[in-house]
Colleague: 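Structure incoming, see below.
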Amino acid sequence: MSVNNNEIADIFSRYADLLEIEDANPFRVRAYRNAARFISDYPKSMAALLSTGENLDELPTIGKDLASRIRTIVETGTLPELESTRAKTPATLVELLQIEGLGPKRVRTLHCELGISNIDDLKRALRRGSIRALRGFGVKTEQRIREALAEIGGMQQRIPLIRAEAAAKPLLDYLAANPATQQVTIAGSYRRRRETVGDLDILVTAESEKNITGYLSAYEDIEEILALGQTRARLRLRSRIIVDLRVVPPSSYGAALNYFTGSRNHAIAMRKRAIARGLKLNEYGLFKGDRPIAGDTEKDLYGALSLPYIEPELRENTGELEAAEQHKLPHLVALKDIRGDLHCHTNASDGHDSVQELANAARKKGYEYLSINDHSQRVTVAHGLDKKTLLDQIRSIDKLNEKLDGITLLKSTEVDILEDGSLDLPDAVLRELDFTVCAIHSKFHLPEVKQTERILRAMDNRCFNILAHPHGRLINRRRPYLINLEVVMRGALERGCYLEVNAHPERLDLNGEGCRLARDLRLKVAISTDSHRIADLEYMRFGLDQARRGWLEKQDVLNTRPLEELRQLLARH
DNA sequence: GCCGTTTTCGGCCCGACTGTTTTCAGTCG
C-alpha cells in the first residue's frame with residue numbers, strides 16, 4: 001500500500017506543530033508547513049514520482065532535506081522524529097493544539113510548568129484549577145480552555161457549500177439593510193467555490209467603520225459572540241456556522257476582498273510579488289512607502305502587480321500566478337455555455353417528476369437537450385428499470401421527441417457497474433440508447449486496484465460512455481471508494497469514454513482537483529446534475545464551480561457542445 | 001528549511017483581537 005500525498009502532508013504538518021512547540025526556528029516550521037500544503041495540493045503522487053526516479057527537490061518548497069524526508073515517509077510510512085516519544089516534547093502534545101485558544105507557546109508552558117503531555121493530563125489540571133496560576137494564563141483563559149475542550153467531541157465538520165449559501169443569505173440581507181453599509185460580499189473559500197467551507201468570511205465596506213460590528217452583534221440568529229472589535233467580529237450562528245466579519249473603507253475594497261478571498265497561499269504569493277516590486281500589500285491596499293497605489297478594486301490590484309484579473313476559483317497558488325504572468329489563464333467555462341443536462345432521473349425509478357415534466361422544465365431553461373437516466377434493475381431500492389421497462393421508456397421517449405419542440409430528449413440510463421465489471425443490462429438493450437452513464441452503487445470496499453480494474457473492465461464494453469460520480473462519495477456522509485483516478489482517466493481516454501462532474505451539492509464528484517487532472521490529461525467531462533426532481537436542475541451551477549476550480553474551459557465540457565457534435569463525441573468507434 | 005531581477009547569506013506575509021498585562025505576547029485567519 002503506497003503512501004499518498006495527503007498522508008505525507010499530514011506527517012509534515014504534525015511535525016511542524018511539534019517543532020513549533022519546541023520553539024524551533026519559526027522559518028523552519030514554515031518550511032514544513034509550506035511543503036505540506038504544496039504536497040497535498042499537488043496532483044501527482046510523491047510515491048509515483050520517486051518510483052520513476054524524479055528529483056523531488058526540484059519541486060517548489062521542497063529542498064534536499066525535505067526530499068529525503070519524503071523518501072523516508074514513502075519507504076517506511078512514517079517519520080522517525082515524529083514517532084519518538086521524547087521526554088522533552090512528546091508527540092502527543094500535538095493533540096493539544098486542536099483546542100481553540102491553545103497555540104504552541106501555551107502548550108509548551110503547560111508541558112514545562114505542569115507536565116501536561118496530552119488531553120487527559122489537561123483535563124486533570126483543569127479539575128485542580130492549577131492552570132490559572134501560570135504566567136500568561138488567567139481565570140478567563142482557563143475557562144476558555146475548559147469550553148473549547150468540551151467542543152472537541154462534537155468537532156465541526158466542514159459545511160457543504162449549499163448549506164453555507166442558505167445560512168449566508170438572510171445574514172447578507174440583514175447586513176445590507178444597515179444604511180451605513182456600502183457593499184457586502186462573502187469572501188473566503190465560499191467565493192473560491194470550494195465544495196465545503198470551514199466558515200463564512202464576510203466583508204463589509206463602509207465610509208465609517210463605526211458600529212458595523214455592533215449592528216451585526218444584534219443579528220437574531222447568533223448563538224455566541226466569540227470576538228467583537230471595531231473592524232472585526234467573529235461569531236457562531238445557531239446553525240453552528242462560524243462567521244468572520246471584517247469592515248474596511250471602500251477605498252480598500254479590492255485589497256480586502258483579495259486578501260480575505262485567499263487562498264492563504266495565493267494571498268501570500270501576492271504579497272511576495274508586491275515585495276519583489278518594492279511595494280507592500282495588505283488588506284487596506286497596495287502601497288509604495290505610505291502612498292496607496294491600488295486597492296479599491298481587485299482588477300486594479302492585479303493590474304498594479306502587472307497581472308490580468310484572476311478568477312477566485314483559480315486562487316489556490318497552483319500555477320495561476322505563473323499562468324497569469326504568461327497570459328495563459330484559462331477562459332473558464334460558464335453556466336451560459338451549458339446546452340443540456342446528461343444525467344437525470346424520472347418517477348420511473350427514484351425520481352419525482354415525469355419525463356414530460358422534466359422536458360418542459362429543461363426547455364424553459366433554454367436547454368437544447370436533456371437525457372433521461374433512470375437506474376438499472378440492480379438498484380432495487382431505487383426501483384431500477386429492467387430490460388422490458390427500459391425498452392418501453394425508450395419507445396415512449398421516441399414518441400415524445402416527435403411532439404416536442406425546441407428540445408431533444410436523449411435516451412439513456414444510469415446503469416450499474418457490477419462487481420465483475422459487467423453492466424447491469426444486456427448490450428442489446430444498451431445499444432438502443434443514445435449513450436450510457438455508468439456507475440458503482442455496490443461493493444464500495446474493494447481495494448483500490450480491484451475497484452480501478454472493475455471500472456476499466458466496464459469501460460471495455462463499447463456501450464460504456466460516461467462514468468458517473470467517479471468516487472461515489474457523499475459529503476460528510478460517505479467516504480469515497482478507492483480508485484486510482486489517473487489510471488481511470490487514462491483508461492477512459494484510450495477507450496473513448498468520459499467522466500462525469502456530478503453537480504449534486506452532496507456529491508461534487510469529480511471535484512476541482514479531479515477536474516484539474518482531467519484537464520491535464522485532456523480528457524473531456526460531462527457536468528451533470530443527477531436531478532431527481534425539477535428543482536434539482538438548478539444544481540448545474542455547483543458543477544460549474546468545480547469545473548472552474550479545475551481550470552476547465554468550454555471545449556473541455558461535453559454538454560457545452562451542440563447536439564450533433566455531442567453525438568459524435570459520444571460515439572465509440 | 002527554502003530560496004534567489006537586492007543570489008549562496010540573510011531574508012522569510014501581515015494585521016486584529018483578547019487577556020494579561022501596564023506595553024505586549026499569544027492566537028488566529
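Just so it is clear: chains get the letters A, B, ... in the order the sequence lines come, proteins before strands, and each one is counted from 1.
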Colleague: side-chain contact (heavy atoms from CB on, under 4.5 Å) with A:Val74: which of A:Asn4, A:Leu50, A:Leu49, A:Leu56?
Modeller: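 One option only clears the test, and that one is A:Leu50.
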
Colleague: Of all the heavy-atom pairs spanning A:Thr196 and A:Ser189, show the shortest one and how long it is.
Modeller: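 Where A:Thr196 meets A:Ser189 most closely, the heavy atoms are O-OG, 4.3 Å.
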
Colleague: For B:dA16, does OP1 or OP2 lie under 4.0 Å from any side-chain N or O of A:Arg232?
Modeller: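 It does not, given that no N or O in the side chain of A:Arg232 lies less than 4.0 Å from OP1 or OP2 of B:dA16.
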
Colleague: Tell me whether the OP1 or OP2 atom of B:dG1 has a side-chain N or O from A:Arg69 closer than 4.0 Å.
Modeller: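 So the side chain of A:Arg69 is within the cut-off, an N or O lying under 4.0 Å from OP1 or OP2 of B:dG1.
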
Colleague: Is there, by distance only and without an angle test, a donor paired with an acceptor across the side chain of A:Asn25 and the base of B:dG1 below 3.5 Å?
Modeller: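 Donor-acceptor pair under 3.5 Å: yes.
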
Colleague: Sticking with atom C1', work out how far B:dT6 lies from B:dG11, rounded to a whole angstrom.
Modeller: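 Taking atom C1' in both B:dT6 and B:dG11, they lie 11 Å apart.
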
Colleague: So does A:Lys140 get a side-chain nitrogen or oxygen closer than 4.0 Å to the phosphate oxygens (OP1/OP2) of B:dT21?
Modeller: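 No, A:Lys140 has no side-chain N/O under 4.0 Å of OP1/OP2 on B:dT21.
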
Colleague: Quick check for you: among B:dC14, B:dT27, B:dC2, whose closest atom lies nearest to any side-chain atom of A:Lys280?
Modeller: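 Selected nucleotide (nearest to the side chain): B:dC14.
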
Colleague: Spell out, as yes or no, whether a donor-acceptor pair under 3.5 Å connects the side chain of A:Asp509 to the backbone of A:Gly472.
Modeller: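 Between the backbone of A:Gly472 and the side chain of A:Asp509 there is a qualifying donor-acceptor contact (under 3.5 Å).
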
Colleague: Look at the aromatic rings of A:Tyr215 and A:Tyr174 and report parallel, tilted or perpendicular, splitting at 30° and 60°.
Modeller: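 A:Tyr215 and A:Tyr174: parallel rings.
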
Colleague: Taking atom P in both B:dC28 and B:dT23, compute the distance separating them and give it to the nearest angstrom.
Modeller: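 Straight-line distance between the two P atoms is 26 Å.
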
Colleague: Answer yes or no: does a side-chain N or O of A:Arg234 lie under 4.0 Å from OP1 or OP2 of B:dG29?
Modeller: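 Yes.
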
Colleague: Could you please name the option among B:dC2, B:dC14, B:dT18 that lies closest to any side-chain atom of A:Ala227?
Modeller: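 Comparing B:dC2, B:dC14, B:dT18 against the side chain of A:Ala227, the answer is B:dT18.
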
Colleague: Just how far, in rounded Å, is P of B:dG15 from CZ of A:Phe260?
Modeller: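 Between P of B:dG15 and CZ of A:Phe260: 11 Å.
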
Colleague: Here's a test of your reading of the structure: between A:Tyr32 and A:Leu102, which maps to the more 5' nucleotide of DNA chain B?
Modeller: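 Nearest-nucleotide comparison on DNA chain B picks A:Tyr32.
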
Colleague: Identify whether any heavy atom of A:Val139 sits under 4.0 Å from a base atom; if not, whether one sits that close to sugar-phosphate; answer base, sugar-phosphate or nothing.
Modeller: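 It contacts sugar-phosphate atoms only.
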
Colleague: Using the P atom as the reference point in each nucleotide, state the distance between B:dT5 and B:dC12 in Å, no decimals.
Modeller: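 It works out to 16 Å between them.
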
Colleague: Looking at A:Thr61, does any N or O in its side chain come under 4.0 Å of the phosphate oxygens OP1/OP2 on B:dC3?
Modeller: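 No, A:Thr61 has no side-chain N/O under 4.0 Å of OP1/OP2 on B:dC3.
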
Colleague: Nearest-Å distance, CG (A:Asp17) to P (B:dT27)?
Modeller: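 Between P of B:dT27 and CG of A:Asp17: 12 Å.
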
Colleague: From C-beta outward on A:Pro104, which listed nucleotide comes closest to its side chain: B:dG1, B:dT27, B:dA16?
Modeller: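 Out of B:dG1, B:dT27, B:dA16, the nucleotide with an atom closest to A:Pro104's side chain is B:dT27.
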
Colleague: I'd like to know if the side chain of A:Tyr253 pairs up with that of A:Thr185 as donor and acceptor (distance under 3.5 Å, no hydrogens or angles considered).
Modeller: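 Yes, because at least one side-chain N or O of A:Tyr253 sits under 3.5 Å from a partner of the opposite role on A:Thr185.
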
Colleague: From the options B:dT27, B:dA16, B:dG15, select the nucleotide whose nearest atom is closest to the side chain of A:Lys105.
Modeller: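 Of all the options, the side chain of A:Lys105 is nearest to B:dT27.
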
Colleague: Phosphate oxygens OP1/OP2 of B:dT18: is one of them under 4.0 Å from a side-chain N or O of A:Thr141?
Modeller: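 Indeed not, no polar side-chain atom of A:Thr141 lies that close.
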
Colleague: Please classify the glycosidic conformation of B:dT7 as syn (within 90° of 0) or anti (everything else).
Modeller: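 It is syn.
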
Colleague: For A:Leu279 and A:Gln230, take the nucleotide of DNA chain B holding the closest heavy atom to each; which residue's nucleotide lies nearer the 5' end?
Modeller: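 Here A:Leu279 is the residue nearer the 5' end.
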
Colleague: Between B:dG29 atom C1' and A:Arg271 atom CZ, what is the distance in whole Å?
Modeller: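 Going from CZ in A:Arg271 over to C1' in B:dG29 covers 11 Å.
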
Colleague: Could you please name the partner base of B:dT8, counting Watson-Crick and G-U wobble pairs only when both distances are under 3.5 Å?
Modeller: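 Partner of B:dT8: none found under 3.5 Å.
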
Colleague: For the pair made of CZ in A:Arg106 and P in B:dG26, what is the distance, rounded to whole Å?
Modeller: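 Going from A:Arg106 (CZ) to B:dG26 (P), I get 8 Å.
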
Colleague: Look at A:Arg315 together with A:Glu298 and state whether they make a salt bridge at an N to O cut-off of under 4.0 Å.
Modeller: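 So A:Arg315 pairs with A:Glu298 through a salt bridge.
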
Colleague: With C1' as the reference atom in both, quote the distance from B:dG10 to B:dA16 in angstrom, rounded to an integer.
Modeller: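 Here B:dG10 and B:dA16 have their C1' atoms 29 Å from each other.
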
Colleague: Tell me if a side-chain donor or acceptor on A:Thr181 pairs with a main-chain N or O of A:Ala177 at a distance below 3.5 Å.
Modeller: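 Checked: no pair found.
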
Colleague: Which nucleotide in the list B:dG15, B:dT18, B:dC2 gets nearest to the side chain of A:Leu66?
Modeller: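 The answer is B:dC2.
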
Colleague: Is the closest side-chain heavy-atom distance between A:Leu329 and A:Glu311 below 4.5 Å?
Modeller: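 They are not in contact (no side-chain heavy atoms under 4.5 Å apart), so the answer is no.
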
Colleague: Write down the distance between CD1 (A:Ile99) and C1' (B:dG26), rounded to a whole number of angstrom.
Modeller: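 Rounded to whole Å, this separation is 16 Å.
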
Colleague: Which nucleotide wins on minimum distance to the side chain of A:Arg264, given the candidates B:dA16, B:dG15, B:dG29?
Modeller: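 Nearest nucleotide to the side chain: B:dG29.
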
Colleague: Can you tell me how far P of B:dT18 sits from CG of A:Leu228, to the nearest Å?
Modeller: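 Nearest whole value for this atom pair: 7 Å.
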
Colleague: Heavy atoms under 4.0 Å, any strand shown: does A:Gly101 hit a base, just sugar-phosphate, or nothing?
Modeller: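 If one applies the 4.0 Å heavy-atom cut-off, A:Gly101 turns out to touch the sugar-phosphate alone, with no base involved.
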
Colleague: Under the 3.5 Å rule, do the base of B:dG29 and the side chain of A:Tyr259 count as making a donor-acceptor pair?
Modeller: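 Flag set: donor-acceptor pair detected.
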
Colleague: Ignoring the backbone of A:Ile275, work out which of B:dG29, B:dC12, B:dC14 is nearest its side chain.
Modeller: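 Of all the options, the side chain of A:Ile275 is nearest to B:dC14.
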
Colleague: In whole Å, what separates the P atom of B:dC14 from that of B:dT21?
Modeller: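 My reading of the P atoms in B:dC14 and B:dT21 gives 30 Å.
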
Colleague: Measure from CG on A:Leu96 to C1' on B:dT27 and round the result to the nearest Å.
Modeller: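 Distance check: A:Leu96 CG to B:dT27 C1' gives 15 Å.
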
Colleague: What integer distance in Å separates A:Leu286:CG from B:dC14:P?
Modeller: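 The distance from CG of A:Leu286 to P of B:dC14 comes to 12 Å, rounded to the nearest Å.
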
Colleague: Give a yes/no on whether any side-chain N or O of A:Tyr284 is located under 4.0 angstrom from OP1 or OP2 of B:dA16.
Modeller: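 For B:dA16, OP1 or OP2 has a side-chain N or O of A:Tyr284 closer than 4.0 Å.
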
Colleague: For B:dT22 versus B:dG15, give the span between their C1' atoms, rounded off to a whole number of Å.
Modeller: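 22 Å, rounded to whole Å.
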
